[in-house]
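Worksheet: the structure to be examined is printed underneath.
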Amino acid sequence: MSELSKAYEPREVEAKWYEAWLAGKCFEADPTSAKPAYSIVIPPPNVTGILHLGHVLNNALQDILARRARQEGKEVLWLPGTDHAGIATQAKVERELREKEGVTRRDLGREAFLEKVWDFKNRHGDIIIRQLKRLGCSCDWSRERFTMDEAYTEWVSHVFVELFKQGLIYRGKRIVNWCPVSLTALSDEEVIMTPQKSKLYFMKYELADAPGEFLEISTTRPETLMGDVAVAVNPKDERYAKYIGRKVRRPFPAAEIPVIADDHVDVEFGTGALKITPAHDKADFEIGMKHGLEIIDVLTPDGHIHCPELPELHGLDRFVARRKAAEMLEAMGLLLKIEEYDNNVGFSERAGVPVEPRISMQWFLKYPCVKEAADAVANGDITFRPERWAKTYAHWMENLQDWCISRQLWWGHQIPVWYRKDKLAELKGAAALGMADFESGDIHVGTTAPADEDQWVRDEDVMDTWFSSWLWPFATMANVGEDTATLRKFHPTSDLVTGPDIIFFWVARMIMAGFRFTGELPFRNVYFTSLIRDLKGRKMSKSLGNSPDPIDLMDKYGADGLRFGLLRIAPMGSDLRFDESSVEEGRNFANKLYNACRFRQMAGDLPPMEGEPEFSCFHRDIMAKLDDLSTDLVRLYADYRFGEIAQRLYEFLWSEFCDRFLEAVKGDLRDGAPLAARQATLLTFDRVMARFLQLLHPYMPHVTEELSERMGFVAAGEFLMLQPLPSSPMIDGDAADAREITTAVHETAGRLRNLKAEYQVAARRDVRFVIKGAPAWTDSVLKVLRLLAGAGEIVLDDAFDAPKGTPAVLTSMGEILMPLEGLIDVDAEKERLDKEIEKVGKEVAKAEGKLSNASFVERAPAEVVAQEKERLAEWRGRLAQLGEMRRALG
RNA sequence: GCGCGCUUAGCUCAGCGGUAGAGCACAUCCUUCACACGGAUGGGGUCGCAGGUUCGAACCCUGCAGCGCGCACCA
């Protein structure tokens with residue numbers, strides 16, 4: 001190991017090792033390997049996205065699992081890739097075109113626009129990939145996939161065709177969630193319900209057959225009034241029974257519309273009379289269908305009023321028109337009042353504007369293999385962690401609605417359906433399309449275009465991005481119809497690591513698609529990560545500017561520091577409040593580790609040992625503790641307790657290894673120490689550190705690889721990341737005797753330091769201690785005790801006659817006195833003792849109280865009672881001692 | 001409205017039936033030859049509230065409150 005700077009500098013080290021791993025093909029999976037398989041598919045990030053903390057947590061976890069699996073002797077495939085992210089990517093490119101070239105996608109036309117998007121993808125698509133590499137992710141990059149690769153696209157078409165032929169995909173005119181900004185339909189999952197301060201408008205419609213008599217109606221959307229085709233009341237509502245079957249006057253455009261009865265109407269809400277606008281509300285649409293009502297669409301796709309008969313409103317934005325319509329009603333004397341009203345409004349997930357329920361022709365999917373998918377989680381074939389998400393999943397699976405899979409976008413997988421040109425008008429006008437049209441030869445549904453392509457027109461829509469993502473686990477491993485070695489070896493995958501926010505979007509759908517198209521479950525375990533929030537508990541978002549850039553954090557603290565810091569505070573199951581100080585801790589931890597190794601390096605090397613090493617209790621103790629750590633980690637990994645694993649690693653290195661072990665053996669390394677002791681100490685250091693680096697490696701891959709090399713723990717040309725975990729413990733047995741002694745020494749040293757601090761002599765190195773009644777082994781650890789306590793001299797003298805008032809502590813190494821030699825302020829000491837006596841007195845009273853409780857003594861387990869008695873004896877002894885000291889001072 | 005979580009030291013979180021824990025922050029001391037991205041010592045909590053079970057509850061049960069998140073066609 002060459003000279004090391006005082007502080008660890010991760011930057012070059014991390015870059016160097018990532019290159020080395022790539023060059024060594026350490027991440028590449030071999031499907032012909034005889035080792036058992038372990039596989040994960042990455043949740044593909046948006047191809048044009050940039051790394052945020054959520055990605056860091058998610059991918060660090062996957063990397064930990066992958067690296068640990070390699071150490072366990074598995075053949076590991078971590079399959080990476082990116083998602084084309086239809087709406088998000090198209091919106092970005094459209095914005096760029098608008099700003100830079102002043103053109104819209106329609107100006108360019110479909111083909112030219114798609115070229116622009118591909119160009120954009122080629123320019124930005126590898127940003128997030130590079131960022132994942134910076135983080136240290138051990139993905140098999142030779143297998144990187146993109147959801148719009150040719151072979152992947154073939155899968156998407158193939159799946160569409162299969163499901164169509166199975167009768168699960170159909171086209172129909174329905175009310176869908178329409179985004180007036182993106183100009184496309186959305187699935188129910190892409191709509192975010194948000195509480196809004198709205199207004200409830202109360203108005204009245206005049207009875208057609210009884211001028212002067214009015215029916216009162218309440219609505220939040222007066223601007224769609226022109227699309228009203230009826231007013232509905234509840235049939236049980238006695239107030240309105242007399243109106244059913246009669247007509248009321250719609251104010252504008254003037255028309256007479258019927259009053260109908262429908263159970264859906266809530267008697268309690270508003271006036272209890274509901275205006276029916278089938279074109280602009282899902283419930284109204286259903287009522288309209290039931291009663292055979294007309295559908296009048298009064299909105300344009302981009303959310304403006306379309307009603308040429310009413311020039312006052314025609315062309316206005318929907319929200320402007322709302323106020324205007326209310327004004328018009330007021331002018332006509334028909335507006336009764338406006339109330340403030342809290343309701344939930346659906347917002348477009350991507351565009352952030354209220355969605356518009358809109359009638360349109362879309363493709364829908366009835367989900368396949370619903371029962372199998374629901375059962376797989378219910379019966380434990382797939383495990384969710386934390387388990388409670390299984391309930392959320394089950395609830396969604398029980399209430400599945402058909403999935404609107406078509407999008408009015410250009411960037412995506414185009415629907416593989418062609419219409420015969422000569423039937424186009426007819427087909428477009430149809431209320432629904434399905435197998436019958438296919439069988440009649442009017443439409444072509446296939447993975448390739450029909451032979452006489454010029455006689456056909458392809459459906460312009462593309463598919464929902466999730467319609468490609470749900471195939472990810474198997475479509476990344478084999479092409480359609482192929483049975484590759486990769487698929488055979490690595491599918492089903494082992495673990496899936498993802499956020500609970502995409503249970504419906506992705507996880508549930510993958511389970512269904514996996515079952516339908518491979519006959520297998522796509523994964524065995526799903527680990528749901530924490531959602532990362534800021535310190536105020538807010539979700540991280542670009543607009544709030546509360547989302548730290550992980551690249552900045554890596555610049556400052558290193559990738560290892562970021563990984564470790566984040567993982568150490570990641571709770572299982574609940575949200576995580578991110579605090580940069582935890583990343584700082586991660587950096588500090590790497591530095592601590594580095595300096596421990598630096599210390600070892602400075603000790604140099606010694607001639608090889610002759611015979612068996614002479615291990616002291618401190619040596620055996622740290623080895624036994626490392627064995628304990630190794631065993632515990634096996635269990636913790638099995639339970640996916642990532643935060644606890646980090647915590648245990650941290651404690652071992654910092655507290656056990658550095659604070660206790662290293663401090664205790666420092667004396668062995670001083671000049672003049674016996675050679676055998678030096679040799680045993682360095683040997684212990686090397687053995688323990690070599691194993692520790694390996695245990696830590698999944699969390700901090702770069703620094704551990706670096707130190708293993710520099711310390712010579714791994715042979716030249718080999719990698720720590722590929723070394724299998726040792727199968728045997730470092731020492732036989734539990735070294736209980738060593739643990740007892742080392743614990744006693746450290747405890748005692750702590751008591752002595754504490755004593756020194758109490759008497760304001762903490763910094764002095766010349767304080768003398770006298771031990772009375774020391775155990776037999778004390779002699780062997782006396783030097784260590786002196787070192788740890790920062791004492792000048794420690795003598796064993798059972799006959800020592802202490803002057804009255806000499807401070808003393810009762811320890812597991814006997815009674816230890818600290819002769820004051822008259823250097824202490826007597827008044828301050830009296831005061832201190834009085835306080836101490838009061839405190840100890842309370843403890844004695846507490847213990848006595850407990851032991852005088854008959855039911856406690858009789859019913860608590862004997863060992864608990866005994867423990868309590870022992871405690872009481874200790875406190876009493878202490879109290880007596882304090883009293884004596886106090887009396888000595890007068 | 002239904003469901004699911006959370007509420008422990010100033011902050012972020014562990015603990016989940018037997019004397020309240022960690023890291024950060026704070027105070028005092030230490031620039032002793034691994035590390036000031038460090039070391040030592042210390043202050044700080046009636047474990048959200050109210051009941052119950054138990055010899056004993058932060059931990060189990062029942063209510064309540066506050067916060068958060070899902071799901072839901074009340075216009």
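No experiment lies behind these values; they were computed from the predicted model shown. Chain letters run A, B, ... following the sequence lines, proteins first, then strands; residues in each count from 1.
- If you check residues 224-234 of chain A against RNA chain B, you find no residue with a heavy atom closer than 4.0 Å.
- Only the P atoms considered, rA50(B) is 12 Å distant from rA58(B), to the nearest whole Å.
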Give every pair of a protein N or O atom and an N or O atom of nucleotides 72-75 of chain B that lie under 3.5 Å apart, one pair per line with the distance.
{"unit_1": "rA72(B)", "atom_1": "N6", "unit_2": "Asn344(A)", "atom_2": "ND2", "d": "2.8"}
{"unit_1": "rC73(B)", "atom_1": "O2", "unit_2": "His264(A)", "atom_2": "NE2", "d": "2.3"}
{"unit_1": "rC74(B)", "atom_1": "O2", "unit_2": "Asp266(A)", "atom_2": "OD2", "d": "2.1"}
{"unit_1": "rC74(B)", "atom_1": "N3", "unit_2": "Asp266(A)", "atom_2": "OD2", "d": "2.8"}
{"unit_1": "rA75(B)", "atom_1": "OP2", "unit_2": "Tyr341(A)", "atom_2": "OH", "d": "2.4"}
{"unit_1": "rA75(B)", "atom_1": "N6", "unit_2": "Asp266(A)", "atom_2": "O", "d": "2.8"}
{"unit_1": "rA75(B)", "atom_1": "N6", "unit_2": "Phe269(A)", "atom_2": "O", "d": "3.1"}
{"unit_1": "rA75(B)", "atom_1": "N1", "unit_2": "Asp266(A)", "atom_2": "N", "d": "3.2"}

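- With rounding to whole Å, Leu752(A) atom CG is found 11 Å from rU41(B) atom P.
- Taking the P atom of each, rG48(B) and rC13(B) are spaced 15 Å apart, rounded to whole Å.
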Working for side chain to side chain contact (heavy atoms under 4.5 Å, CB included), residues Phe347(A) and Val355(A): CA-CA 5 Å; Phe347(A) 278 70; Val355(A) 296; 5.9 Å; no
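- Annotation for Leu662(A) and Ala596(A): closest pair CD1-CB, 4.3 Å, computed over non-hydrogen atoms.
- Taking the six-membered ring where the residue is Trp, the centroids of Phe692(A) and Phe652(A) are separated by under 6.0 Å.
- Judged purely by atom type and a 3.5 angstrom limit, His746(A) has no side-chain atom pairing as donor or acceptor with the backbone of Asp659(A).
- The P atoms of rG68(B) and rC30(B) are separated by 48 Å, rounded to the nearest whole Å.
- When all heavy atoms of Phe564(A) and Ala646(A) are compared, the pair lying nearest together is CZ-O, 3.3 Å.
- Nucleotides rC71(B) and rC11(B) have their C1' atoms positioned 33 Å apart, rounded to a whole Å.
- To the nearest angstrom, C1' of rG5(B) lies 13 Å from CG of Leu531(A).
- For rA40(B) and rU31(B), the P atoms lie 15 Å apart once the distance is rounded to whole Å.
- Taking the ring axis of Phe599(A) as reference, the NZ or CZ atom of Lys666(A) stays within 45° of it and closer than 6.0 Å to the ring centre.
- Rounded to whole Å, atom P of rG21(B) lies 18 Å from atom CZ of Arg648(A).
- We find that Arg221(A) and Glu223(A) are joined by a salt bridge, their nearest charged nitrogen and carboxylate oxygen being less than 4.0 Å apart.
- For the C1' atom pair drawn from rC4(B) and rU19(B), the interatomic distance equals 36 Å after rounding to whole Å.
- Atom CD in Glu398(A) sits about 15 Å away from atom C1' in rG70(B), given to the nearest Å.
- The nearest pair of heavy atoms linking Pro357(A) to Lys282(A) is CB-N, 4.4 Å.
- Here the side chain of Asn234(A) pairs a donor or acceptor atom with the backbone of Val265(A) at under 3.5 angstrom.
- Distance Glu651(A) CD to rC24(B) P: 12 Å, rounded to the nearest Å.
- Using a 4.0 Å cut-off between charged nitrogen and carboxylate oxygen, Asp639(A) and Arg641(A) do not count as a salt-bridge pair.
- If you find the closest nucleotide of RNA chain B to Phe504(A) and to Asn754(A), the one lying nearer the 5' end belongs to Asn754(A).
- Note: CZ (Arg388(A)) to P (rC4(B)) measures 11 Å, nearest angstrom.
- Using a 4.0 Å cut-off between a side-chain N of Lys or Arg and a carboxylate O of Asp or Glu, Glu339(A) and Lys199(A) do not qualify as a salt bridge.
- Paired regions of RNA chain B, where each region holds three or more successive Watson-Crick or G-U pairs whose two hydrogen-bonding distances fall under 3.5 Å, are B:1-7 with B:65-71, B:10-13 with B:21-24, B:26-30 with B:38-42, B:48-52 with B:60-64.
- Close to rC4(B), at under 4.0 Å from its OP1 or OP2, lies a side-chain N or O of Lys391(A).
- Nucleotides rC33(B) and rA14(B) place their P atoms 40 Å apart, quoted to the nearest Å.
- Where Val191(A) and Ala757(A) meet RNA chain B, the nucleotide closest to each residue was compared, and Ala757(A) sits on the side nearer the 5' end.
- Straight-line distance between the C1' atoms of rG66(B) and rG39(B): roughly 43 Å, to the nearest whole Å.
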Shorter than 3.5 Å, N or O on both sides, protein versus nucleotides 13-15 of chain B: list them out with atom names.
{"unit_1": "rC13(B)", "atom_1": "OP1", "unit_2": "Arg577(A)", "atom_2": "N", "d": "2.8"}
{"unit_1": "rG15(B)", "atom_1": "OP1", "unit_2": "Arg641(A)", "atom_2": "NH2", "d": "3.2"}

Contact pattern, 5' to 3', of nucleotides 29-39 of chain B - B, S or - by protein heavy atom under 4.0 Å: ---B-BB-BSS
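- At the phosphate of rU41(B), OP1 or OP2 sits under 4.0 Å from a side-chain N or O atom of Arg753(A).
- Using modelled atom types and a 3.5 Å distance limit, the side chains of Lys275(A) and Thr224(A) yield a donor-acceptor pair.
- One side chain, Glu190(A) or Ser187(A), offers a donor N or O that lies under 3.5 Å from an acceptor on the other.
- Residues satisfying the salt bridge (charged side-chain N to carboxylate O under 4.0 Å, His left out) criterion with Asp766(A), sequence neighbours excluded, are Arg764(A).
- At most 12 non-hydrogen atoms from other residues, nucleotides or ligands lie less than 6.0 angstrom from NZ of Lys783(A).
- No donor-acceptor contact under 3.5 angstrom links the side chains of Arg751(A) and Asn754(A), judged on distance only.
- Of the listed residues (Phe589(A), Tyr594(A), Tyr557(A)), just one forms a ring pair (Phe, Tyr, Trp, His ring centres under 6.0 Å) with Tyr8(A), and that residue is Tyr594(A).
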